[in-house]
Amino acid sequence: MTKFIFITGGVVSSLGKGLTSGAVGMIFERMGLTVSMQKLDPYINVDPGTMSPFQHGEVYVTDDGSEADLDLGHYERFTHAAITRNSNFTTGKIYSEVIAKERRGDYLGRTVQVIPHITDEIKRAIRLGATSEPDVAITEIGGTVGDIESLPFLEAIRQFSLDVGRRNCLFIHLTLLPYLRTSGELKTKPSQQSVGKLREIGITPDVLVCRTEKPMTDEMRDKLSLFCNVERRAVIEERDVDYSIYEVPINLVAEGLDSLLVEFLGLPEGTKADFDSWLRLLDEIRKPQVEVEIALVGKYIELTDAYKSHYEALTHAGIATGVTVKLRKISADTLAEREADDVLHGVHGILVPGGFGERGFEGKVQAARYARERNIPYLGICYGMQAAVVEFARSVLGLAGATTTEFGDAEHPVISLLDEQQGVEEKGGTMRLGAFECELRPGSKVAEAYGCEQIAERHRHRYEFNNAYRTQLEEAGLVASGIHPTLDLVEAIELPDHPFFVGVQYHPEFKSRPLEPHPLFRDFVAAARHHAEGRATLHVKAN
Ligand code: GLN
């Protein structure tokens, strides 16, 4: 029978609850158990797909085509749980479902209320998250305990623990111990109050995980245990990591979280988590590596979360290729206004991530041009591929009016809308979303990277490579190296006489894991390393 773990957060947001949840999932997987991972978000948007990166950071995409919270990325990087549209529910999604049922007459004339109708729907969502019948189902509750909007979710998990039996459930509360520099002390009061809020609802945490920048003292553990009604040994320290977020699971195990989980959930005695391969990974990360500088040219470089999965995928690729990736974050706007060489000089690779809208697009085109002309490894993702196609059409084919139709008519619409997207007015969930098959051209760089010719990758875009220009572009030397088998859409392009110039219409960054780096990121970083090592002989290719 599935055991359910609920992870709540207190005191402040951005505590790293997603990471901690992923780490807990990993501990169970390394005990040989299967897990499912889920996030419940109390905001009213149906999904984060239409939210600005300033509000929400990266939008994560699942194989089955839902736009979801970026914490799902942590789950996929830390575990092998199947991540689907049932892995993320928001208040908006829950209410939409309840309102649809009410309109259909499913409630048979009853007054529809938060309790029991909304809470029932939340409980249904929790069960949907565990349809694979895993050994352990982990559900993270977004937001901070004490928020008005979290209340129905907390009420629902309290009820849920009664439904499945208290012994089949575990509540983990993640909290912050703020450090007061002036008095040189960590403070426990905010945590006491946040647990107090939880207890008002009827939830007493079984485990208290304390985020802290300094080590906790024994007295503090005593105090937290006493005031929060949590066993002393279940007060766990989660100190800020020194060099990598991938230390988090190991640090939690060092604090004894694994044996507590085994005991509290009644798992077979002696169950141990095997972290050998993970410890070897951490050793690799700690070793001094060759430093390679990669430029990331994007619109939201000042936001840490906007390109989360790209940064992670670069780190994984670095581990695999013996490289420390140093990032030069370049605002695409700046690049549009300045000489490319002023901002890109000396980089060993250029990564252009996805994006939307006119702002920054010309800067991305500049970045693609600089990489192509100077033989600098280039990886263009989604908008980054589209920018590369536009650049090639303009510079090599001489089609000065080539662009995307995303922000207006184009003389040469080399990137354009598919017929099925014409006339789509609604913004939410209407892009080309989720996993699509792709056939790779034998002998191409992409096929070489993947080591096979049939792949499936996740998409999130509206515009496409325009096949009306395909022959012209191919004759000029651009290779369409990845094609959707039935829709005949160009999903990957490359330049064969360039050390590494690849553009993909899909999002490889979502599928990279620390121990299983994505092949395209891996080969891109390897090419950047090669470029760094051979700079003395750099050949500047004039157009
Ligand atoms: N704006 C482009 C499109 O909609 C690219 C999207 C993206 O980069 N994710 O097609």
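We're numbering straight along the sequence, starting at 1. One-based numbering, in listed order, for ligands and for the atoms of each. Side chains included, hydrogens not; waters and symmetry mates left out as well; all remaining heavy atoms used. For clarity, every value in this text was computed on a predicted model and none was experimentally measured.
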query = Can you name the residues that form a side chain to side chain donor-acceptor pair (under 3.5 Å) with T471, not counting sequence neighbours?
reply =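 Residues passing side chain to side chain donor-acceptor pair (under 3.5 Å) with T471: none at all.
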query = Cationic tip of K299 within the cone over Y307's six-membered ring, i.e. under 6.0 Å and within 45° of the normal?
reply =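 Checked: cation-pi criterion not met.
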ask   = Which residue pairs pass the side chain to side chain donor-acceptor pair (under 3.5 Å) test with at least one member in residues 73-85, sequence neighbours excluded?
value =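 Residue pairs with at least one partner in residues 73-85: E29-H80, Y60-E76, Y75-E140, E76-R458, R77-S309, H80-E516.
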key: First-shell residues of ligand 1 [heavy atom, distance under 4.0 Å]   =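 Within 4.0 Å of ligand 1, protein side: G354, G355, F356, C382, Y383, Q386, E406, R460, H461, R462, Y463, H507.
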inquiry  = Tell me if a side-chain donor or acceptor on T34 pairs with a main-chain N or O of P134 at a distance below 3.5 Å.
reply    =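 It does not hold such a pair.
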key: Derivation of the salt bridge (Lys or Arg N to Asp or Glu O under 4.0 Å) call for R394 and E362   = CA-CA 12 Å; R394 286 183 193 168; E362 287 304 323; 2.8 Å; yes
ask   = What residues form a ring-ring contact (aromatic ring centres under 6.0 Å, His included) with Y383, not counting sequence neighbours?
value =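 ring-ring contact (aromatic ring centres under 6.0 Å, His included) list for Y383, sorted by chain: F361.
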